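A quick note: this is a predicted structure, and the numbers were derived from the prediction, not measured. Proteins come first, then strands; the chains are lettered A, B, ... in the order of their sequence lines, and each starts at number 1.
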Amino acid sequence: MRSRSSISPGWTLLLVTTLLVCIVAAPTFGQMPDDGVITFEDTVQVMVAAPTSLIATDHKYDDGEKIDLQWVPSIDDLPGIGTVVGYRIYRQDDGGVAEVIANLPAKANHYRDENTELGHTYIYSVAALTDGAEFMSNLTESISPEREWIDFSKRYLFLIALLVGGAVIYFIEIARRGKKLFVRKIAGLEAVDDAVGRATEMGRPILFIPGIQDMDDVQTLAGLTILGRISKTIADYDTEIFMPVSRSLVMTAGREIIKSSYQTAGRPEKYSDNMVTYITDEQFGYVAAVDGIMVREKPATVFLLGAFFAESLILAETGNYIGAIQIAGTARPAQLPFFIAACDFTLIGEELFAASAYLSEDPKALGSLKGQDVGKAVAMVIIVVGVLAATMGQAWDISSMNSLVDILKTIFSTS
Amino acid sequence: MLVAGIILVLTVIAYLAKVVGGFEGVQFSPTVSVIVVILLAASLLWILVLTLKGRLIGRRVVFLYVGIAVSLPLFMSISQKIVISPETQQLYDAISELPSGAKVLVSFDYDPPSAPELQPMAEAFLYYCFTHDFKVIVIGLWPQGPQQANLAIDKLLALPEIEAKNLQYGIDYVNLGYQAGNEFVIQRMGGSFESMFPTDYSGHPYSDLELVRNIRNFSNIDYSFNLSAGYPGTQEWVQVAVDRYGLSMGGGNTAVQAPMMYTYLQAGQLAGLLGGMNGAAEFEKLVGREDKGTRFMLSQSFAHMVVIAFILIGNVAFIVGGRKKKL
Amino acid sequence: MEHFAVWVAAFLTLGIVSFLYKDNPWYKLSEAIFVGISAGYWFVVLFWDNIYGKFWNGIFPEELIDSAGNVVTREPDYWLLVGAVLGTLMLLRLIPKIGWISRWPLAFIIGCTSGLYLINYFSSNMMRQVEATIMPLVGHWVLDPATSQNAFSAFSGADIFSNLVLVIGTFTGLVYFYFSKEHRGAFGGTAKVGIFFIMITFGASFGYTVMSRMSLLIGRADFLLFDWLGLVR
């Protein structure tokens, strides 16, 4: 069908092309839109074969909003010739007028319609475009998108989460039954009691900063768990503590923790709500206030335990400047360098949670920590096996190793 | 008190000169700029010698030097070579592949304190979008984000090359405003944009905005760019929009955050990354509109040189050990 | 008014910076203004965006007028009442006798967030990262377009080094954060390598943050010298 122009006079080709296009396109797509009508210029038109084998399938594991189209491109869509300049997708929605929904480049053989509605029925067609004409494929069967309630493409994510989650529950149960779970010693924990003792000896207050996030951040919870331990010692020694916070919920939780420590120590009258004060939610407003408090009150010990952001260095540097002993801990990797540089002891990342579990001896915290260790062990094993297999598979072209890598990558790709 | 009074008088004079007298400011010639650099370097060398002799400087001297290193380059007329990093190039390549009319979602997740780093990125990115006829949808997960977006858009619309395009609000770009809820907003946007943004920043109904009327969720977005200064930010966008909904996304981050984003870049979860002012300057160079990001880089480099110098001096002081006399 | 705003901004900027010299009344004044305004600002934001914008407007949607002058109505979202009830329960903390009820909404918040975070972090920060770490160290097979056949392409020295750093760094870092075994012997040695990598990462992060902080300072210097005094051209 191609290159007829070289052997036929222009007007003959124009006539034949028009006829052929009418024969091919009109019956297959009775309600052709205005912009889908084939137009001709006064140049010679080139005939190309239409795309074939167009099929539409419901996209799996979605909310009924996607339909996948696949077709065999025009046999005239060949590299370097350029007679097919692209493809145009038409869609009929519930028997309505067919509309253009996408224009694709040459060589395209699939398209995903991501704008479908549940309960609607669609019919699609694909046209091969030349420089001035369109050549329609067959129409698809009527198709309605479906909604799937469970996304089975995430099955491996589910299974591995189940493994780690199961390990957490298992270890929590073990801890609840009174079995001692081993957690390695964490450097810096011993310093907590020393730091409280120092403030007591110096007769100066302790400043506890629980980060700037709310109670939904696990770092804040870990910080408050350690506060529970610190406040017990403080209540015993009758040391002064001050805890400025940037979240109202943290203020309430902090007050409860310190109050219960004083009650346990048998001196509830010593507790005051003023020990825990709300400053502001605004990050740098909070920092400006806490900096001022540090310089004026000159606490002997500063605890910075929780979720910190840009304020970490400003706070730790001011604490360092006033000569306080500082114990910090956060799981925000970007802020750890400053704590390490400016504080006496730093709980790095997960050490904060480990310390919280270790100090509280809470079965849930300990069990979670051990369960997570299972996850880490799985990750370590997979990395070693995967890297070795990938290296051996690629270096010596061992197909079984390459297959193993493919399997591992499929499992961990989560999609 | 006297010094403070003199400074106040001088500032009032400078301000009046600007406002009333039309004073346009000072710019050092390249020769003067080089002399200033040499003087600065010589004085740092002198401090090093003093330190070696055991005479340590106070912290205020360090602050003063950093202040000088940041301020003086703003007067200089020497330029700095900007080298394009692979992650910036990757972002540029990603948007270069987008066709005209591509729908680009830009989330402004920062506030004025982070503007020196992120506003130049925002302007450069939007400049590229507007000059390449992309359709821009702006949202913000930080309350002041949409305002920052408007500042950038207004500035760009005043440029002759953008003005000539006669861009229309609601057709070529739209600002859907702020929505509270952090990553839960991203999660809900995965189902429906309109459920989270029933109206735009100015209160127009979603369905009335031609640009977004047919945009249901991330499936209808061709590329997304997140300007992030913390939480919620790029990490949350990657975790929800990219990993759950398959959005193609690039990030523009403050330098504090940027190192943590390399993990996502390496794993292919991010298609390009601009880190800090350096990233902004690189991107400005790529899009062909050098502005504040590039202009500030000289100050940035000077400040880094001073910091490196003081790290060396500090280590020398630590090794020398003596604290014989404080200047 | 604009002149006044610029002067106020400059006055407060210099007031906060004066802390570098020492704590002083100017700093204290700037600090107090900052804290007060920011607390007020957040109150206003939370009220208009959450209580009014989200809750009130969700239950009693405003009628909107589109560009054609038609009234656009929205369906009320009564699910928001569940949130309102939980929010009200939170306020019961103010009544000591029944304050314990406020733990329920707190449990709801923590439960929802944990559920979302569990999957987000597990998927993006664990699974995807493990997948990205599985890589060949020396080279890989690629399709040669000229011959249409697979050919082994060896990595450059820099790529091999880069991949080794990535794999060893990830593995030893995991070992360091493994709490179920004491850091002794070969395990302890591996953990030491891990902390070595972690510290290098922190060094890089520190450098980036210095860059970030300097950017903020440059922004302020530009404001003072350009926007305020107009000294810079």
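Proximity to chain A is absent for every atom of C:Ile37, based on heavy atoms less than 4.5 angstrom apart. Interface remark: C:Leu106 contributes side-chain atoms only to the contact with chain A (heavy atom separation under 4.5 Å). Only the side chain of A:Val295 comes within less than 4.5 Å of a heavy atom of chain C; its backbone N, CA, C and O stay farther away. Proximity to chain A is absent for every atom of C:Ile33, based on heavy atoms less than 4.5 angstrom apart. Heavy atoms closer than 4.5 Å to chain C are found nowhere in A:Glu317, neither backbone nor side chain. With a threshold of 4.5 angstrom between heavy atoms, A:Ile279 approaches chain C through its backbone and through its side chain. Residue A:Glu351 touches chain C through both its backbone and its side chain, counting heavy-atom pairs closer than 4.5 Å. Contact annotation for C:Thr201: neither backbone nor side-chain heavy atoms come within less than 4.5 Å of a heavy atom of chain A. Contact of A:Val164 with chain C is made through the side chain alone, with heavy-atom distances under 4.5 Å. Using a 4.5 Å cut-off between heavy atoms, A:Ala341 contacts chain C through its side chain alone, with no backbone atom that close. Looking at A:Val384, the atoms closer than 4.5 Å to chain C (heavy atoms on both sides) all sit in the side chain, from C-beta outward. Neither the backbone nor the side chain of A:Tyr278 has a heavy atom closer than 4.5 Å to any heavy atom of chain C. Proximity to chain A (any heavy atom under 4.5 Å) is shown, for C:Leu137, by both the backbone and the side chain. Only the backbone of A:Ile411 comes within contact range of chain C, with at least one heavy atom under 4.5 Å from a heavy atom of that chain.
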Applying side-chain contact (heavy atoms from CB on, under 4.5 Å) to A:Asp291 and C:Tyr27, what does each step give before you reach the verdict? CA-CA 11 Å; A:Asp291 263 3; C:Tyr27 172 76; 3.9 Å; yes

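Taken to the nearest 0.5 Å, the CG atom of A:Asp406 stands 10.5 Å off from the CD1 atom of C:Ile134. Atom CD of C:Gln129 sits about 9.5 Å away from atom CD1 of A:Ile383, to the nearest 0.5 Å. In this structure, OG1 on C:Thr133 lies 12.0 Å from CG on A:Leu408, to the nearest 0.5 angstrom. Annotation: the span from A:Gln335 atom CD to C:Phe202 atom CZ amounts to 10.5 Å, rounded to 0.5 Å. Here the straight-line distance linking atom CD of A:Gln394 with atom CZ of C:Phe155 works out to 7.5 Å at 0.5 Å rounding.
Under a cut-off of 6.0 angstrom, the local environment of OH in C:Tyr121 is crowded, with over 12 non-hydrogen atoms contributed by other residues, nucleotides or ligands. No more than 12 heavy atoms of other residues, nucleotides or ligands shown are found within 6.0 angstrom of CZ on C:Phe161. Shown here is C:Arg103, whose CZ atom has no more than 12 heavy atoms of other residues, nucleotides or ligands within 6.0 Å. Crowding of C:Lys54 atom NZ: a count of heavy atoms from other residues, nucleotides or ligands under 6.0 Å exceeding 12. The neighbour count for A:Phe152 CZ, taken as heavy atoms of other residues, nucleotides or ligands under 6.0 Å away, does not exceed 12. Other residues, nucleotides and ligands contribute only 12 or fewer heavy atoms inside 6.0 Å of the CZ atom of C:Phe43. More than 12 heavy atoms of other residues, nucleotides or ligands sit less than 6.0 Å from atom CZ of C:Phe187.
A:Leu157 and C:Met127 make their closest contact through CA-CE, 3.7 Å (heavy atoms, listed as atom of the first residue, atom of the second, distance). Between C:Ser38 and A:Glu282, the shortest heavy-atom contact is CB-CG, 2.8 Å. The two residues C:Met126 and A:Ala379 come nearest to each other via the heavy atoms CE-CB, 4.1 Å. Residues A:Ala289 and C:Val35 approach most closely at CB-CG2, 3.8 Å, considering heavy atoms. The two residues C:Met135 and A:Thr391 have their closest heavy-atom pair at O-OG1, 4.0 Å.
Here the side chain of C:Tyr117 pairs no donor or acceptor atom with the backbone of A:Asp217 at under 3.5 angstrom.
Comparing A:Glu350, A:Met215, A:Met380 by how many heavy-atom pairs each has under 4.5 Å with chain C, the most go to A:Met380. In terms of heavy-atom pairs under 4.5 Å with chain C, the best-connected choice from A:Phe284, A:Tyr156, A:Phe158, A:Tyr358 is A:Phe284. For the set A:Ala334, A:Ala354, A:Pro337, A:Gly349, the count of heavy-atom pairs under 4.5 angstrom toward chain C peaks at A:Pro337.
Within the 4.5 Å cutoff, the side chain of A:Leu336 has no heavy atoms near those of the C:Ile198 side chain. Counting heavy atoms from C-beta outward, A:Thr280 and C:Tyr41 have side chains that stay 4.5 Å or more apart. Residues A:Ile348 and C:Met199 are in side-chain contact: their nearest non-hydrogen atoms beyond the backbone lie under 4.5 Å apart.
Residues from residues 176-185 of chain C that place a non-hydrogen atom less than 4.5 Å from a non-hydrogen atom of chain A comprise C:Tyr176, C:Phe177, C:Tyr178, C:Phe179, C:Ser180, C:Lys181, C:Glu182, C:His183, given in numerical order. Of residues 206-218 of chain C, those residues lying under 4.5 Å from chain A by any heavy-atom pair are C:Phe206, C:Thr209, C:Arg213.
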